[in-house]
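Residue numbering restarts at 1 for every chain, and letters A, B, ... go by the order of the sequence lines.
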Amino acid sequence: MNPQPATTLYVSKDAGSVSLGADEIANALMKECATLGHSVTLVRTGSRGAYWLEPLVEVQTPAGRVAYGPVRASNVGELLQAGMLDGGAHALRLGDVTQLSWLASQQRLTGARLGIIDPANLDHYITQGGYAGLNAALALAPAEIVRAVTESGLRGRGGAAFPTGLKWKTVFDQPATQKYIACNADEGDSGTFSDRMILEGDPFALIEGMTIAALAVGATAGFIYLRMEYPHAARTLAQALRVARERGFLGRNLQGSGRDFDIVVRLGAGAYICGEETSMLESLEGRRGEVRVRPPLPAIKGLFGQPTVVNNVITLATVPVILARGAAFYRDFGMGKSRGTIPLQLAGNVKRGGLVERAFGLTVNELVYEYGGGSATGRPVRAVQIGGPLGAYLPESQFDTPLDYEALAAKDALLGHGGVVVFDDTVDMARMARYAMEFCAIESCGKCTPCRVGSVRGVELVDRIRASSNGSRSIDLALLDELCDTMANGSLCGLGGMTPFPVRSALKHFREDFH
Amino acid sequence: MDIERLVAMANDIAAFFDSDPDKAVAAEGVRFHITRFWDPRMRREIIAHLHGGGAGLTPTAQSAVALLTNSPNQSK
Amino acid sequence: MFARGYHDCGTPAPADGAPVTLEIDGATVSVPAGTSIMRAAALAGGDIPKLCATDTLKAFGSCRVCLVEIEGRKGFPASCTTEVAAGMKVRTASDAVNTLRRSVLELYVSEHPMGSCPDSSRCELETLAAAHGIDESRFAGAASPRDVCTPKPADASNPYFRFDNDLCIVCSRCVRACEETQGTFALSIEGRGIESRVSASQQQPFLESECVSCGACVEACPTGALMEKSLITAGLPQQAVTTTCAYCGVGCSLVAEITDGAVSRMVPNRAGRANQGHACIKGRFAYGYATHADRVTRPMIRKRITDEWREVSWSEAFAYAAAEFKRIQAQHGRDSIGGITSSRCTNEETFLVQKLVRAAFGTNNVDTCARVCHSPTGYGLKHTLGESAGTQEFVSVQHADVIVVIGASPTEAHPVFASQMKRRLRAGARLIVIDPRAIALVKSPHVEADYHLRLLPGTNVAVINALAHVVVTEGLAKDDYIADRCEAESYEKWKAFVSDPVNSPEAMEKVSGVPAELIRGAARLYARGPNSAIYYGLGVTEHSQGTTMVMGIANLAMATGNLGREGVGVSPLRGQNNVQGSCDMGSFPHEFSGYRHVSDDATRALFESMWKVQLGSEPGLRIPNMFEAALDGSFRGLYIQGEDFAQSDPNTAHVTAALSAMECIVIQDIFHNETARFAHVFLPGSSFLEKDGTFTNAERRISRVRKVMEPLAGLADWEVTMRLSSALGYPMSYSHPSQIMDEIAALTPTFTDVSYEKLDALGSIQWPCNEKAPRGTPTMHVGSFVRGKGKFYVTAYVPTHERTSSRFPLLLTTGRVLTQYNVGAQTRRTANMAWHSEDRLELHPHDAEARGIEHGDWVGITSRAGDTVLRVEITDRVAPGVVYTTFHFPESGANLITTENSDWATNCPEYKVTAVQVVKVAQPAAWVSRRQAEQTTI
């Protein structure tokens, strides 16, 4: 008698899913199937990013994957009873999850494989279009790779939005014999998680992107600066790097090309400032994470004084699709000077949070209401903070603003790394302004005075304002404004320089909270 | 002066010049050095010592001291 | 804080760049490319406010008070970190800039309120804030000042300075000075944000940390956070005098700041070519000995050394000494007396002493303490290259690709040059260390030797020959250079010699203990260069083959073409401030100033006509010969200026016997010393602070010593020599040392154009300075060697007579420690004792284990010459079979055990190799206790 073919189950092992109970669900499923004599194979994938549906279980059926979620441990028995392994009906049955409008309406280019593949399985990666970009790149001269990236319009997704092709060109033009690729995986902004999702859900995309960058600029060594708060990512990444090395995608003579490139992972030690590129380089070199003065640009004198491409995870993980499908394909997404897609991370007080990758141009309204479904508490949404703890607060009146670098800049706001945090009408915006100063004070490296001293004085000032009578308040409000000027104009890096964004936007749009 | 010390000094100098295979050249080197750097009373005593048998002097040192005269330093 | 009156341009000068013209506040300014806006403005006379910037350190950009506006650029770039560009239009004080700057200053003042510093007028922050009309900060609340917000007690552990965190503005100037200027990396910022604090090592008190107390941080501090303790009490200086350090042969240019007639602070001269604005613990802080209560300030005489000293007038002392010398000469002949010049004294004083001996005594029995340190350098380099001096200036090291350090420990003995060397090493130069001991350079922060050839003491020549063997047999010699610049015959002879398999690394490995592969690697690295520079110390010279080794070094440098330009060369690191000078001045018994033999008729005639006296044509006695002659009765009188034979010369028993045998010893010193125990006349000396003159450092640099205070005993050393000469019937009548220098210049071809006037104009001069080189000679042997063609000498390895045996199985070698100096006469009378209060014997753990010796035990050390007792330090800095000690304390008696072996050519003692046995003992030697008891009764 032929043994019954095993049914394949997919459960995310992404840290976000795990925190919602994905491991317990996976264990319970395996245990219950064993008890019932069902033959199943469990594949632990990354997350598709629909965290509001996690833990999500998908079953491979002849008709395709059928999803159930969000699954609680108590649901496991009943789901199996309901014939889940054959795609049976249940209240939690979502059908083909990609057909849900939340996912179907997204434009997944960078995150195309998230939630689909076993992240450390190179065959899965290749089957899903992986390494097509590298193959294309290997057929090109380095300058042509740089040109393709330039023409795609890709800009740094870490927050600064600097044109990636221009940066690569600068490194390419340096005559140095030793160059480096340094990947910034110190994703420290509150409410952001797209880097982590790639690292945990599709690390080969990053490895491939770094390899292409290396071919383009002539680097032979790469570093990934990974925050130590991402232990799951560290494990998955280590596995993927090992596999890539075993299969000749890293190391000497890549795929017989005669080119060498390998990657080393370095763990950060919990300093937000090390997400700032020059501090990251200092830290990579084994020094105190302190901002370096620019110039020289890292592209000219970067890691260990050598020309270095410093890019964020998302930026590098986007490179393969550009090479695989062409610069024009990618450039056709987006609006204005913001080309391609942006993985937005929707979080905070919102009903349907998660990863929304869309071409630039989606409005805040569309993101918060159509994807997010409004606040989780059901109360009116009062504000969103875009771009991490140093991003501006937008009032609901400005929710028609498209999520695009230039459009946000026109509103004294910024897109940053694409994190959007939602607040309902119970938020105290004076407290949020104080928090911005406090965040800066806690995370300041202490090098420059506006940030080191200014942030502490900022906290004290907001406290004074909140506690004071009308007379002195207006003086202190003026002083706070001057302090914001000083920090914005005088700080050495973006930490102190951008702290005024949340403070000033709170003052401007929610001044009543300061009275 | 302590003649043993002078003999040791002369021998040390000879040991340096002895690396020259031509022993005449070596002896001349030693002679010249002693003439240039030794106080006359030291030169007198080492010459007297040689005349008394030259005990302890190595062959090159002996040859060199034999070349030494009590005559004063000559302008070079 | 920096020296008075120094104009700080904010950022260092760039390497030469093409001129760039820009506009600053409407004025056109032209500066070299690579100049910062801050520096350009300062050079044009319009200083931009700054706090974290100083022109001794790389731009850092943290204080944000130097922000400016540049037309066409966004925001407010920092002028310290922004380089000039052609056509740039900069506004340094627009309304926007001023508002921003005031606001930043107010943030500073919020944590460092006005009036916090002990001396607000010297606090850069308070001065700057006051200039901006700020008297308090609008941002400050009750809890904002640092002493409230983040208080921390002041650290007063270092005897010379204290750190008060409450006054710190976290500009990192101290941290950067420790890294960039000193290269020790002892300081860092710990914590972050407002909690950022300067930390010595792992938040340790300064004294217990890795800090070497060079003081660079103290000087760099813009506030009173790091401050000399002397300044806290002394108050503002009224005067500043530029002078030259009297410790090691680096010869740092220092500025003595004087408050109410006393030195209140010593700071390095930023314009000093040798030290490049840096100093070490000794030069900067350890000057207190000059006014120590132990100073002898009255002349004294006694008939017999068993008599009590009797204080007398200067006149009586001179009359007595002169009468005694005359009496001895009458009874025992002209050559029965002599004199010793000191490498601690000035060129002028040294010149006078040898003049006194040659002209007034009428003998050539003059020698100098350089006899016992670097005499082989003079002999070896003169014979091979043609000049008895190092070939480079210190800054040359910044052009070296490969640095070789042989028998020297620059971080201990020449710390300021070591910092320059380390800077070059951090910039990528390769390093070869040839030393029996793992000196600090072998591995220290950001510096690691590519090769450490850890040879057995006494085998230098074996190693240099093996290196030469590799160069010659592997085709690494620079044939064109040799053909062009060297004697072909001598080269062929030498080539044949070193090519002999007996000189191969494999053969020499058995002798030196250095693995052949390391020798081969080091030789290839040195020969490859392209610029390879050799620096060496007493570990080369103080051997029975000291001269041979110096010649071997010169041979190797010639064979590889590493002489005659910047970045290469053969550079002796001189131990004392004026070793070079004392040799230059004719202190050796066989030669006049400028290294001209006494038998040279023309030279003698020159001196005779100037000095109006007939001069001897025969060489006089060297120091060890003087001792021999004293013991046989033919040498009975000696004038010793600034030298302590009884402690510093080898085989103490022999030396003291000789001294005891003499009838008149006149000693001139600032303190009672060991030799004074055998003296009949004591003439109080003057310290470097008490006189005018010049010192010549290891790079042939002549620098002015300037009087800071009056001689405590009333006469400067040169005046004492002059008066003694006059008493002897040979009158000398100089009214100022500049006249002595004029005489030196008139008599010495390498000094023809040297004068005080020129020294004042140029700051310092490297000789030769004459019509061919009116501004001096930084690099020697450019184009051709001084002697014409370079001459190779065959340098066969001749083992020392000093061998290990079953009775004396270990080899003792010696060296120095940073905080003490030589016999310690000066440094033992300063707070430097806090770092090093006794000499210790370094012993390898294996040798300790075999003898049952533990860390801190007292051990007896016995050699063929004698014995002493030291406390032991167990360390693998020394190899098994080798022991090491410093010799800074008389009670250590290191020279009780050193032998009479000496260099064949110069009689420089073999201090560096003594076969010894080491055994555990219960207590210090009996003689030490005896001596200590004696000391307390003096």
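- C:Thr547 contributes atom OG1, which lies 10.5 Å from atom CD1 of B:Ile13 (distance to the nearest 0.5 angstrom).
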Run the salt bridge (charged side-chain N to carboxylate O under 4.0 Å, His left out) check on B:Asp39 and C:Arg622 step by step: do they pass?
CA-CA 8 Å; B:Asp39 161 274; C:Arg622 294 169 172 179; over 6 Å; no

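- Within 6.0 Å of CD on C:Gln331 lie more than 12 heavy atoms contributed by other residues, nucleotides or ligands.
- Interatomic distance, B:Asp2 CG to C:His654 NE2, rounded to the nearest 0.5 Å: 7.5 Å.
- Using a 4.5 Å cut-off on side-chain heavy atoms (C-beta onward), B:Glu45 and C:Asp632 make contact.
- Interface remark: C:Met551 contributes side-chain atoms only to the contact with chain B (heavy atom separation under 4.5 Å).
- Separating the OG atom in C:Ser544 from the CZ atom in B:Phe16 is a distance of 12.5 Å, to the nearest 0.5 Å.
- B:Arg5 has its side chain out of reach of C:Pro624: every pair of non-hydrogen atoms, C-beta onward, lies at least 4.5 Å apart.
- Within 6.0 Å of the CD atom in C:Glu608, the count of heavy atoms belonging to other residues, nucleotides or ligands exceeds 12.
- Within 6.0 Å of atom CZ in C:Arg334, 12 or fewer heavy atoms from other residues, nucleotides or ligands are found, so the atom counts as exposed in its surroundings.
- Between C:Asp335 and B:Arg41, the shortest heavy-atom distance links the atoms O-NH2, 2.8 Å.
- Contact annotation for C:Asn907: only side-chain heavy atoms (C-beta onward) come within less than 4.5 Å of a heavy atom of chain B.
- Between chain B and the options C:Arg604, C:Glu591, C:Glu900, the largest number of non-hydrogen pairs under 4.5 Å is found for C:Glu900.
- Here the side chains of B:Met42 and C:Leu621 are in contact, with some heavy-atom distance below 4.5 Å.
- At a 4.5 Å heavy-atom cutoff, C:Tyr797 makes no contact with chain B through either its backbone or its side chain.
- Of all the listed residues (C:Ala630, C:Ala796, C:Ser902, C:Ser634), the one sharing the greatest number of non-hydrogen pairs under 4.5 Å with chain B is C:Ser634.
- If you measure heavy-atom distances from B:Asp18 to chain C, you find no contacts under 4.5 Å at all.
- A distance of 6.0 Å or more separates the ring centres of C:His590 and B:Trp38.
- A distance of 4.0 Å separates CZ in B:Arg43 from CD in C:Glu618, rounded to the nearest 0.5 Å.
- For the atom pair C:Trp904 CH2 and B:His33 NE2, the distance stands at 5.5 Å (nearest 0.5 Å).
- Using a 4.5 Å cut-off between heavy atoms, C:Phe497 makes no contact with chain B at all.
- Contacts with chain B were tallied for C:Asn625, C:Thr906, C:Val798, C:Val794; C:Asn625 has the most, counting heavy-atom pairs under 4.5 Å.
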Stepwise side-chain contact (heavy atoms from CB on, under 4.5 Å) test for B:Asp20 and C:Lys493:
CA-CA 9 Å; B:Asp20 200 304; C:Lys493 209 165 169 179; 2.6 Å; yes

